[in-house]
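Worksheet for the structure shown next.
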Amino acid sequence: MSRKAAVVALTALAPISWGSTYFVTTEFLPPDRPLFTGLMRALPAGLLLLALTRKLPQGAWWWKSAVLGALNIGAFFPLLFLAAYRLPGGVAAVVGSVGPLFVVGLAALLLGEKPTVRTLLTAIAAAFGVSLVVLKAGAAFDTVGVLAGLLSSLSMSAGVVFTKRWGRPEGVGALALTGWQLTAGGLVILPIAFLIEGAPPALTGTNLAGYAYLAFGNTAISYFLWFRGIERLSASSATLLGPLSPITAAIIGWAALGQALGAVQLLGMAIAFGATLAGQLGPRTPKGTGPAVEKGTGTESFSPAEENGQEVSMDLEGSGVRR
């Protein structure tokens with residue numbers, strides 16, 4: 001497997017994991033506690049990663065971590081759950097699927113990633129495919145819900161672009177950076193959750209199992225893979241992996257909950273998956289050109305030799321993937 005393909009495959013595990021969130025939430029967690037659920041996803045995972053890495057931010061990275069944590073977690077989770085509660089699930093998913101278009105625009109402004117016609121068409125095709133998978137006839141639109149959905153998508157998109165722009169400090173691994181962001185995001189959600197929802201609910205063993213999965217598998221590991229992938233892929237390529245989440249949710253709904261998948265939904269899956277694959281096709285690097293790494297931004301390109309490398313290994317706290 002080539003180096004780039006390995007990075008894409010590992011990064012894709014994050015949105016695939018997030019596709020299980022709806023099933024776990026409806027089958028394992030107490031109802032009507034979205035902010036508490038967001039808090040339980042973020043803060044325990046962040047504290048665990050801090051304990052494992054034993055690294056704290058230094059200097060400007062205190063405020064950078066706070067900004068990234070607020071964009072990727074602290075603002076994103078509450079807005080996402082507000083949209084989910086005010087909109088039918090299909091409408092919320094479609095509103096969220098415009099994220100790649102936000103990323104394309106923000107990446108052009110902040111990263112100098114010139115948008116191409118192919119990238120724009122791929123992002124539009126991805127949103128269209130998702131709409132075929134999840135949108136039902138007669139779905140109702142709520143203004144507040146739509147705005148919350150758009151803002152949640154914009155927040156996550158800005159988080160992706162600023163994560164790419166700022167990279168991470170020298171000598172700090174992606175695992176530590178993930179811990180900083182999850183902890184910061186959880187601390188943003190904490191007062192909001194207690195102010196709006198009050199004291200935590202009584203939890204059963206099933207609830208605890210669900211929260212454990214969301215915190216550690218669905219959040220700690222998945223966000224580590226996601227932030228690590230953002231460093232190595234273009235912002236638009238990374239965000240175009242997002243349609244894998246609603247595709248996974250639809251497949252789990254069919255397999256575990258008996259939800260129907262008709263011809264239209266299968267067509268939508270094919271379109272969305274095709275757009276995801278197309279989003280990973282970057283321009284060729286001229287022969288003889290080595291890998292270009294811009295310190296501090298995490299921007300990396302792959303030479304032909306690396307794209308067809310023979311050996312790939314994982315390094316959780318260092319460069320992540322190396323030949």
Side-chain angles (χ1 to χ4, degrees), residues 11 14-15 17-18 21 34-83 96 99 102-103 106-107 110-111 148 151-196 211 214-231 235 238-239 242 296-298 316-317 320:
T11 307
S17 170
W18 298 333
T21 303
L35 293 175
F36 180 72
T37 295
L39 174 65
M40 292 295 287
R41 282 187 68 184
L43 195 55
L47 293 175
L48 173 66
L49 295 185
L50 286 182
L52 289 175
T53 59
R54 298 184 181 182
K55 288 183 181 290
L56 292 176
Q58 300 292 327
W61 272 97
W62 282 103
W63 69 263
K64 286 183 178 181
S65 299
V67 170
L68 293 177
L71 289 173
N72 285 314
I73 308 294
F76 173 66
F77 279 3
L79 289 168
L80 178 69
F81 287 130
L82 176 60
F102 285 140
V103 169
L106 291 171
L110 299 173
L111 302 178
L151 288 173
S152 72
S153 186
L154 179 59
S155 177
M156 183 68 164
S157 300
V160 167
V161 172
F162 277 108
T163 299
K164 182 75 175 175
R165 180 180 176 87
W166 289 336
R168 52 185 162 89
E170 194 73 27
V172 174
L175 206 62
L177 181 62
T178 303
W180 298 350
Q181 294 192 49
L182 289 173
T183 302
L187 291 175
V188 170
I189 299 172
L190 179 63
I192 301 173
F194 279 90
L195 181 65
I196 295 177
Y211 282 127
L214 287 183
F216 305 121
N218 186 269
T219 301
I221 296 174
S222 294
Y223 271 96
F224 160 67
L225 293 173
W226 180 246
F227 293 140
R228 176 183 166 280
I230 291 172
E231 292 181 354
T239 195
T297 66
L316 296 185
E317 274 299 293

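Judged purely by atom type and a 3.5 angstrom limit, Ser153 uses its side chain to pair as donor or acceptor with the backbone of Gly99. Checked by atom type and distance alone, the side chain of Thr53 never pairs as donor or acceptor with a backbone atom of Ala176 at under 3.5 Å. No donor-acceptor pair closer than 3.5 Å links the side chain of Thr239 to the backbone N or O of Ala235. The main-chain N or O of Gln58 is never found under 3.5 Å from a side-chain atom of Trp61 such that the two would form a donor-acceptor pair.
To the nearest 0.5 Å, the span separating CG on Leu48 from CG on Leu43 amounts to 11.5 Å. Distance CD1/Ile230 to OG1/Thr163: 5.0 Å, rounded to 0.5 Å. Between Phe224 atom CZ and Leu182 atom CG the span is 12.0 Å, to the nearest 0.5 Å. Residue Ile221 holds its CD1 atom at 10.0 Å from CZ of Phe216, rounded to the nearest 0.5 Å. The CG atom of Leu71 sits 10.5 Å away from atom CE of Met156, with the distance rounded to the nearest 0.5 Å. Taking CD1 of Ile192 as the start and CG of Leu195 as the end, the distance is 8.5 Å to the nearest 0.5 Å.
When all heavy atoms of Asn72 and Gln181 are compared, the pair lying nearest together is ND2-OE1, 2.8 Å. Thr21 and Leu214 make their closest contact through CG2-CD2, 4.3 Å (heavy atoms, listed as atom of the first residue, atom of the second, distance). Across all non-hydrogen atoms, the minimal contact from Ser155 to Phe76 is OG-N, 3.9 Å.
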Subject >> Residues Leu39, Phe194; criterion side chain to side chain contact (heavy atoms under 4.5 Å, CB included); working and verdict >> reply: CA-CA 10 Å; Leu39 174 65; Phe194 279 90; 4.2 Å; yes
Original post:
For Val67 and Phe162, what are the C-alpha separation, side-chain angles and deciding distance, and is it a side chain to side chain contact (heavy atoms under 4.5 Å, CB included)?
Top reply: CA-CA 9 Å; Val67 170; Phe162 277 108; 5.6 Å; no
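You'll find the side chain of Val161 reaches within 4.5 Å of the side chain of Val103, heavy atoms only. The shortest distance between side-chain heavy atoms of Trp226 and Pro15 falls below 4.5 Å.
Applying the ring pair (Phe, Tyr, Trp, His ring centres under 6.0 Å) test to Trp180 and every residue at least two apart in sequence or in another chain returns nothing. Annotation: ring pair (Phe, Tyr, Trp, His ring centres under 6.0 Å) contacts of Tyr211 (sequence neighbours excluded): Phe36. Residues that satisfy the side chain to side chain donor-acceptor pair (under 3.5 Å) test with Thr219, not counting sequence neighbours, are Arg41. Take Trp62 and apply the ring pair (Phe, Tyr, Trp, His ring centres under 6.0 Å) test, not counting sequence neighbours, and it matches no residue. By the side chain to side chain donor-acceptor pair (under 3.5 Å) test, Ser17 is found to be paired with Asn218, Ser222, residues two or more places apart in sequence or in another chain being considered. With sequence neighbours excluded, the residues forming a ring pair (Phe, Tyr, Trp, His ring centres under 6.0 Å) with Phe227 are Tyr223, listed by chain and number.
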